[in-house]
Each structure stands twice: as structure tokens, then as C-alpha cells.
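Step one of this worksheet: look at the structure below.
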Amino acid sequence: MKAYILRGINQFSLEEVKEPSLAPNEVLVQVKAVGICGSDIPRVYTTGTYSYPLIIGHEFSGVVTKVGENVDNCWCGKRVGVFPLIPCKICGPCQKKQYEMCRKYSYLGSRRDGGFAQFVAVPVENLIELSENVSFEEAAMLEPMAVAVHAMRNICPSKTDTVVICGLGTIGLLLVQFLKEAGIHNILTVGNKEFQRQAIVKLGISEGNYCDSKKENVEQWINKKTNGNGVDIFFECVGKNETVTQAVNSTIPGGKVMLVGNPYSDMCLEKSVYWKILRNQLTVKGTWNSSFTGEETDDWHYVLERLEENKVNPAQFITHRFSLEEIAQGFHIMRDKSEDYVKVMCILP
């Protein structure tokens, strides 16, 4: 089969490799769509990964073509999405079905071979079956959608809350969409690119509720928009010291800050910011990955239900589509930021 192999930092190329062999309780998924995650860019070009060689890619969907030992043949031919985290099922969080916090997990696309290939070996327990009205492209976005939903459900906004989403990359934009679908109407957004403003308007957010952080002081803008009160919930989707500070300074006493963005560097709080957390009795919470338990109450089923009912439209955020042979161009666009993009998608026949 064809696959993009990462053999070292900045050593990434399309090669012919053997089709994966199946262990017990695994299936072979023929990949139909796979997205590039922002975390894939440093993995390929700067920080590297856990071991080499590796096929990266953890946002993918496809069709089951073969089943391994102990797997029911009924899976053959099914259209599926794939939860990429493979939990140990032994540690404390796993015992509580909090698999996203597993202490000894494996992971498709970073710790074992993933989706930038024609075929992937996947544990059957990591599959979610798709209905016919959910496209492979949409299903390849189940993972980032579930990450956004996990952040939202972890902080439990009410319909009367005023919330701000700071950082309008893929997760931030998806978060806006799911907040709106959940009935949250008082939504403020902070971005720094014109296409982000346009995307927000398409989602039904008024231009007056978009702040361009390159042109305006974010804290002053939020203060003005909330009549000096601040917001009930601040979703920080950037991962920088200045935006965490903005979050603490712009949240009402007793309010909540949800830290979503992966950190760009060491995170340091000034004394005055730390004092504000204490004196305003803020809840500052982190979120990681998403819940996938196989039960209808988990994040993936929450997302899939809304996809099936056409209540959300993630495909509108796919800005680039490439074949497997051409997808290196998509990696270069994201690395060099040579074009505006939200989700770059690889489509396979």
C-alpha cells in the first residue's frame, strides 16, 4: 500500500509499504478521508515523535475491509469513524472509563501507525459506525469536533451565560458551532485573521461580536461589550501567556476559564494574575482529548447524533482537499502559513 512515512524530523515521504497485519481484536480500515491536525506539523518538522518509522494521522474515517481474530464478521463493509486513543484499560482513569486520561495509552498516528495511508489496523473497540448520511469527510472531523464538545461539556455553560472563545482555529470554530447548537446565544469571539471573521459571520455571529486582536485591545473590548462586567466563561483556545492573562482578567468573579489551547511555550502567571484567580474565586479548568466509551452519552456519540440530524456542518471548515499523492502540499501550507486555512483534508478513493 501507499503511505506517508515519517523517518525522522523533516524526513517525510510517500512510500510503498506492506499492508498492516492484524492482531486479535483488530480490523483493517481502508482510509477514505484523513485530516491534518495542527499537532502534526511540529511532529513532522520540529519536535519529532516517539519512534520511527511512523505513519502519522489521527483524524480519519473509512471502511472496514478485513477483521482479525475475535472480531465479528459483521464489521466487514461498515463505514466507520475512528477514536485514535488506545487506552490500557488498567490504570485508575481507565477503571472509571475516563480513557482520555489513560496513564499508559497508545495513539494512532503518534505512537503507532495512523491514517495517512491506504489502510490502517485499528482496535475494533475504537470504531464508531457511521450512518449513510454522514460523509467520510465529516467523519474524519469527528475527532476535533469531539475535542471541542469535550471542552464545552466539561464547563457546562448555561443558556444565559456570556461566553468568549479566544482563538479561532479548527477547535475554536467548531466550539462556536456547538455552543450555538446547544442554545448559547451570548457568544463573543476573538481572532486575528480576516477569514476567521468571515467564518464567524457564516456561523451566525454578528460582526460586532468579533474582536480582531491585531487591531484592538482584547480586554478593553470585552469590558466594553459586557458593560464592565466580564464574561461568565472564557474558552482559551490559543495556549499563550497573554491570552491566559486575558482570560483571567476578563472573567467575572466566580466565573470559569477553560484552558483548551496547547501551550506554545512555558506558561507563567504574573503575581497580579494569580491574585485575581484567588480573589475572584475563579474556576480554571483544563480539558484534554474527548470521551469515547462506546456509550451513547460519550462525546463522540453526542457529535455523531448532531451530524446525523444535520444540526452541525463541519465540512464548511474544510478549506483544502488533496489526494494522498498531493497531501505534502497541505503540510507545507500549514507549516509555512502561506495560505489561509482551517482544515486541510486528504481524500482517498
Using side-chain heavy atoms (C-beta onward) and a distance below 4.5 Å, is [X] in contact with [Y]?
{"X": "V122", "Y": "V64", "value": "no"}
{"X": "F235", "Y": "L179", "value": "yes"}
{"X": "L54", "Y": "D113", "value": "yes"}
{"X": "V303", "Y": "W300", "value": "no"}
{"X": "H150", "Y": "N289", "value": "no"}
{"X": "V218", "Y": "V164", "value": "no"}
{"X": "S110", "Y": "R43", "value": "yes"}
{"X": "C94", "Y": "K104", "value": "no"}

Which label fits [X] and [Y]: parallel for a plane angle under 30°, tilted from 30 to 60°, or perpendicular past 60°?
{"X": "H332", "Y": "Y45", "result": "tilted"}
{"X": "Y105", "Y": "Y107", "result": "perpendicular"}
{"X": "F178", "Y": "Y302", "result": "tilted"}
{"X": "F12", "Y": "Y4", "result": "tilted"}

Does [X] [atom1] have over 12 foreign heavy atoms under 6.0 Å away?
{"X": "K78", "atom1": "NZ", "value": "yes"}
{"X": "E296", "atom1": "CD", "value": "no"}
{"X": "E270", "atom1": "CD", "value": "no"}
{"X": "E125", "atom1": "CD", "value": "no"}
{"X": "E295", "atom1": "CD", "value": "yes"}
{"X": "Y274", "atom1": "OH", "value": "no"}

Q: Might you work through the side chain to side chain contact (heavy atoms under 4.5 Å, CB included) test for V67 and V124, ending with a clear yes or no?
A: CA-CA 9 Å; V67 300; V124 68; over 6 Å; no
How close do [X] and [Y] get, counting heavy atoms only, and between which atoms?
{"X": "A139", "Y": "L130", "result": "CB-CD1, 3.4 Å"}
{"X": "K159", "Y": "A182", "result": "CE-O, 3.5 Å"}
{"X": "I333", "Y": "F322", "result": "CD1-CZ, 4.0 Å"}
{"X": "H320", "Y": "D340", "result": "CE1-O, 3.1 Å"}
{"X": "A3", "Y": "V17", "result": "CB-CG2, 3.9 Å"}
{"X": "E219", "Y": "S250", "result": "CG-OG, 3.7 Å"}

**Q.** salt_bridge(E216, K224) N-O dist < 4.0 Å
**A.** no
(Q) Can you tell whether the side chains of E242 and K240 come within less than 4.0 Å, N to carboxylate O? (A) no
Got a second to check how far [X]'s [atom1] is from [Y]'s [atom2], nearest 0.5 Å?
{"X": "Q11", "Y": "I5", "atom1": "CD", "atom2": "CD1", "result": "12.5 Å"}
{"X": "E138", "Y": "N133", "atom1": "CD", "atom2": "CG", "result": "8.0 Å"}
{"X": "C237", "Y": "M258", "atom1": "SG", "atom2": "CE", "result": "10.0 Å"}
{"X": "K2", "Y": "E325", "atom1": "NZ", "atom2": "CD", "result": "4.0 Å"}
{"X": "N280", "Y": "I252", "atom1": "CG", "atom2": "CD1", "result": "9.5 Å"}
{"X": "I128", "Y": "F292", "atom1": "CD1", "atom2": "CZ", "result": "5.5 Å"}

**Q.** Audit row: L259, V257, side chain to side chain contact (heavy atoms under 4.5 Å, CB included) steps and yes/no
**A.** CA-CA 6 Å; L259 302 178; V257 174; 3.8 Å; yes
Honestly curious: do [X] and [Y] fall in one hydrophobic cluster under the side-chain, below-4.5 Å linking rule?
{"X": "I318", "Y": "L324", "result": "no"}
{"X": "V147", "Y": "L307", "result": "yes"}
{"X": "V82", "Y": "V134", "result": "no"}
{"X": "V344", "Y": "V342", "result": "no"}
{"X": "V260", "Y": "L203", "result": "yes"}

Please check this pair: side chain of [X] against backbone of [Y], looking for a donor-acceptor N/O pair closer than 3.5 Å.
{"X": "S291", "Y": "D299", "answer": "yes"}
{"X": "Q177", "Y": "N313", "answer": "yes"}
{"X": "R153", "Y": "A151", "answer": "no"}
{"X": "Y52", "Y": "T49", "answer": "yes"}
{"X": "R112", "Y": "A121", "answer": "yes"}
{"X": "E236", "Y": "V238", "answer": "yes"}
{"X": "K225", "Y": "G208", "answer": "yes"}
{"X": "Q95", "Y": "K89", "answer": "yes"}
{"X": "T189", "Y": "N209", "answer": "yes"}
{"X": "N25", "Y": "P123", "answer": "no"}

Q.
Set out, in order, the CA-CA distance, both residues' side-chain angles and the distance that settles side chain to side chain contact (heavy atoms under 4.5 Å, CB included) for E132 and R79, then state yes or no.
A. CA-CA 8 Å; E132 288 298 326; R79 306 167 72 253; 3.5 Å; yes
Q | Test side chain to side chain donor-acceptor pair (under 3.5 Å) applied to R111 and Y50, step by step | A | CA-CA 6 Å; R111 297 173 186 239; Y50 298 93; 2.9 Å; yes
Q.
Taking the cut-offs as 6.0 angstrom to the six-membered ring centre and 45 degrees off its axis, would you call K343 and F317 a cation-pi pair?
A. no
**Q.** Among V80, V63, I347, side-chain contact (heavy atoms from CB on, under 4.5 Å) partner for F136
**A.** V63
Q | Working for side chain to side chain contact (heavy atoms under 4.5 Å, CB included), residues N241 and D266 | A | CA-CA 8 Å; N241 282 299; D266 290 343; over 6 Å; no
Q: Output, in order, the C-alpha distance, side-chain angles, deciding distance and verdict of side chain to side chain donor-acceptor pair (under 3.5 Å) for S213 and N192.
A: CA-CA 5 Å; S213 62; N192 58 11; 4.6 Å; no
